[in-house]
Amino acid sequence: MRISSCHFQVLPAAILLLAICLPGCSSTPDYPQRTDSPRHAPGSSLHSGLSIATAQVGAPYRYGGSSPRGFDCSGLVYYSYRKAGIDVPRTTSAQLRAVNRVALSQLNPGDLLFFKLGRQPVSHVAIYTGNGRFIHAPSSGKRVSYDSMSNPYWKTRLVAAGRI
């Protein structure tokens, strides 16, 4: 089969279009800070959500996924906390609107971490596990895994933390 030079010109454009149209875990920019009290006592159901999330380590990343067959970042939070009986929204931006903001120095296991990975104010969410680590569904081709807040990539992109 002969491949013309036209095919080589279309392929980069198609890849660029795909990268623009399918940003994993993207969200909308509107996210006011909540100041009301948490819906759950610290350490109660939150720990259950974290336990469920840790059981998903190794599950594949899947854009729009919210089940053990595959998760995107907000889908992992949604699935884990819903299984623990905690009502959370499905998208990263809605999850940010639903949390009570906390200072990084006040993080508890089960708190949510929000990251800016692109043009939008927040586009990735993870669950804090303690000791400067978190669990998340990183990106296409990867699996649910742990990472460190001291990793320069994540450290420079962390924009907010909150508690459901």
Mind checking what makes ring-ring contact (aromatic ring centres under 6.0 Å, His included) contact with Tyr78, not counting sequence neighbours? none
For Tyr79, all residues meeting ring-ring contact (aromatic ring centres under 6.0 Å, His included), sequence neighbours excluded: Phe71
Roughly how far, to the nearest 0.5 Å, is CG of Leu76 from CD1 of Ile135? 6.0 Å
Within the structure provided, determine whether [X] and [Y] are in side-chain contact (heavy-atom separation under 4.5 Å).
X: Tyr146; Y: Val57; answer: yes
X: Val102; Y: Asn108; answer: no
X: Arg133; Y: Asp147; answer: no

After noting the C-alpha distance and the side-chain angles of Lys83 and Ile52, does the key distance pass the side chain to side chain contact (heavy atoms under 4.5 Å, CB included) rule? CA-CA 7 Å; Lys83 283 284 198 181; Ile52 292 166; 3.4 Å; yes
For [X], give me all partners under side chain to side chain donor-acceptor pair (under 3.5 Å), at least two apart in sequence or on another chain.
X: Ser148; value: Ser150
X: Arg62; value: none
X: Thr156; value: none

Go through it in stages, so that I can follow the logic: the residues are Asp111 and Arg101, the test is salt bridge (charged side-chain N to carboxylate O under 4.0 Å, His left out), and I'd like the CA-CA distance, side-chain angles, deciding distance and then a yes or no. CA-CA 10 Å; Asp111 288 343; Arg101 300 284 182 96; over 6 Å; no
Contacts of Lys155 that satisfy side-chain contact (heavy atoms from CB on, under 4.5 Å) - sequence neighbours left out: none
